[in-house]
Amino acid sequence: MPDSPAVAAKSPSSTSLRIDGTRLLDRLDRLAEIGGEDGGVTRMGFSDADVEGRAHVARQAVEAGLTASVDAGGNLLIRRPGDHRHSTRPPVLIGSHLDTVANGGRLDGAYGVIAALEVLQTLHEAGVESDHETIAVGFANEEGALFPQPFWGSMVLAGRLDALPSEPEDYAGRPLRDALARAGGDLSQLKTATWSPGSLTAYLELHVEQGPVLERLGRTIGVVESITGRIHMSVQLHGRAGHAGTTPMDGRQDPLVVAAGLIQAVQTMATRENLCRVATVGRVEVLPNSPNTIPDSVRLDIDLRDSDPTRLDVAEHTVRQTLADLARAGNVRATIESTVRSAPVHTDPKVRDTIAASAAELGFAQETLPSGAGHDAQVVADIAPVGMIFVPSIDGVSHVPVERTAPDDLVAGAEVLLRTVLKL
Ligand code: GLV
Ligand code: MN
Ligand code: MN
């Protein structure tokens with residue numbers, strides 16, 4: 001922590017250390033080729049492309065003289081050999097996630113992991129000795145795009161095993177157990193991947209902002225003060241399939257009509273009713289999805305976010321009540337499950353100060369801001385002080401192929417990450 005007696009990193013002077021910006025940008029380009037298509041990147045957690053991407057990063061780590069391993073939860077961990085020798089304090093963990101949404105951007109998550117690798121390699125090449133080990137992590141399945149369990153890897157690491165399904169399946173019913181094994185994990189051994197409270201000096205995550213604030217204000221560095229709370233709900237609707245031309249309108253049991261009402265109601269909750277900050281239905285699956293058949297069943301996923309846990313609870317309750325009313329009126333069977341409940345978290349004030357001081361020393365204009373996106377940091381906050389560094393997103397967009405950040409800003413963020421690690 002910044003106010004503990006930081007053992008100055010041994011020679012060379014830590015303040016003269018610099019990230020190799022060209023290598024950082026080149027590595028981001030190369031990683032984006034894995035799962036790259038239609039201008040975007042698709043490396044959904046535990047897909048073949050994701051496994052390939054993780055292996056690629058692990059190889060780069062090993063080529064750099066570092067070690068790479070995968071824990072039972074599928075998290076990629078990169079270490080400096082012998083780095084723990086001088087440790088008198090618990091490790092500092094730095095990183096983000098390597099998976100993406102479907103047809104997402106090249107930076108969300110990947111940037112934080114590649115920058116963490118660069119920090120480790122920079123420390124290693126300079127022979128820096130510190131009183132804490134620094135470990136880089138690529139968290140598994142942060143997005144939950146294929147296996148609907150966002151924050152999977154960080155939940156395992158933080159020991160939230162009770163909140164995870166025992167035999168998770170992807171949207172098509174394929175078991176996570178097999179996919180996890182292919183990625184080097186082991187569903188039966190998740191306990192071995194957990195870290196206890198107090199076992200880390202801090203967790204630091206560098207990420208693109210994914211919103212417009214830094215760009216609008218002309219700031220290079222964002223110091224994140226809080227991360228939004230989030231509830232993810234999965235809804236299943238079962239009606240009665242039938243012929244679109246011969247089944248009378250009267251008495252139909254159409255789950256898609258109920259779904260449409262629910263989607264509208266979810267939006268209204270965040271707009272007219274102001275029950276939560278944002279509310280989204282981003283995924284709908286219709287079966288059999290045939291133009292001249294009344295659907296048999298619909299699955300949809302709801303994402304609710306707010307910085308106030310009480311408001312989130314009210315919004316969740318309202319969704320359940322609205323669904324029950326709509327399902328009754330439409331004569332369809334409905335089930336609903338909250339698969340992620342993540343409370344809003346504040347980043348650690350001392351870590352925040354250290355990030356701010358690092359940015360100031362490097363001469364970067366900075367702003368303190370909240371995060372509307374979810375991050376592994378909000379889960380790791382269960383067991384460690386956390387901090388997050390943002391860099392500007394061009395046009396404020398993310399989860400889309402055109403997600404971009406200026407190269408200089410990408411390098412600046414990595415410099416701030418490096419300096420913060422040295423100062424912690
Ligand atoms: C994570 O990417 C999120 O959905 O905020
Ligand atoms: Mn994301
Ligand atoms: Mn992310």
Side-chain angles (χ1 to χ4, degrees), residues 28 31-32 35 40-45 47 50 53-54 57 75-76 94-116 137-155 203-211 213 222 224 226-234 270 276-283 301-307 312 338-345 347 369-381 386-393 396-405 410 413 417:
L28 285 169
L31 180 57
V41 179
T42 302
R43 283 195 313 270
M44 296 194 282
S47 65
D50 178 46
R54 293 144 47 89
V57 174
N75 298 312
L76 173 65
I94 57 175
S96 190
H97 58 98
L98 281 170
D99 64 311
T100 72
V101 295
N103 203 23
R106 63 213 307 276
L107 298 173
D108 177 1
Y111 170 50
V113 181
I114 294 298
V137 61
F139 281 116
N141 199 38
E142 188 266 355
E143 303 283 8
L146 181 60
F147 285 88
Q149 193 61 58
F151 304 132
W152 167 266
S154 46
M155 284 177 76
Y203 170 67
L204 277 177
E205 183 162 350
L206 170 65
H207 206 283
V208 289
E209 181 202 330
Q210 308 180 275
V213 176
V224 176
S226 60
I227 307 174
T228 188
R230 174 178 181 190
I231 296 182
H232 182 113
M233 306 174 91
S234 231
C276 57
R277 182 176 59 84
V278 286
T280 308
V281 175
R283 189 177 192 286
D301 291 78
I302 302 173
D303 185 297
L304 308 173
R305 304 193 189 203
D306 203 273
S307 54
L312 264 185
S338 298
T339 56
V340 170
R341 308 183 98 268
S342 192
V345 305
T347 52
L369 75 178
S371 171
H375 298 287
D376 290 304
Q378 73 196 90
V379 178
V380 182
V386 301
M388 286 198 74
I389 304 161
F390 276 177
V391 293
S393 292
V397 295
S398 183
H399 282 188
V400 290
V402 292
E403 171 190 275
R404 280 171 303 141
T405 291
L410 292 171
L417 178 66

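Both counts, for ligands and for their atoms, begin at 1 and track the order of listing. Residues take their numbers from the sequence shown, with the count starting at 1.
Counted by atom type alone, Asn103 and His399 present zero donor-acceptor pairs between their side chains at under 3.5 Å. Glu209 and Ser393 share no donor-acceptor pair across their side chains, judged by distance under 3.5 Å alone. Counting only N and O atoms by type, the side chains of Arg277 and Thr228 include a donor and acceptor under 3.5 Å apart. If you check the side chains of Gln149 and Asn141, you find no donor sitting under 3.5 Å from an acceptor.
Ring centroids of Tyr111 and Phe390 are separated by 6.0 Å or more, keeping the two rings apart.
For ligand 1, the atoms sitting less than 4.0 Å from at least one non-hydrogen atom of Ala373 are 5 (O), numbered in the order shown with element in parentheses. Every atom of ligand 1 is numbered from 1 in the order shown, and the set under 4.0 Å from a heavy atom of Glu143 is 1 (C), 2 (O). For ligand 1 and Glu142, the ligand atoms under 4.0 Å from any heavy atom of the residue are 1 (C), 2 (O).
Note: angle at the Mn ion (ligand 3), from NE2 of His97 to NE2 of His207, is 120° (rounded to 10 degrees). For the pair OE2 of Glu143 and OD2 of Asp108, the angle at the Mn ion (ligand 2) is about 90°; rounding is to 10 degrees.
Residues Val101 and Ala145 share a closest heavy-atom pair of CA-CB, 4.0 Å. Taking each heavy atom of Val208 and Thr405 in turn, the nearest pair found is CG1-OG1, 3.3 Å.
Taking distance alone, with nitrogen or oxygen atoms compared against 3.5 Å, His399 approaches ligand 1 more closely than that limit.
At a 4.0 Å heavy-atom cut-off, ligand 1 touches Arg230 through the side chain alone.
Nearest-heavy-atom check against atom 3 (C) of ligand 1 across Gln210, Arg305, His97 picks out Arg305. Evaluated by nearest non-hydrogen atom to atom 5 (O) of ligand 1, the leading choice among Ser371, Gly374, Ser398 is Gly374.
Contact annotation: His399 places an N, O or S atom under 2.8 Å from the Mn ion (ligand 2).
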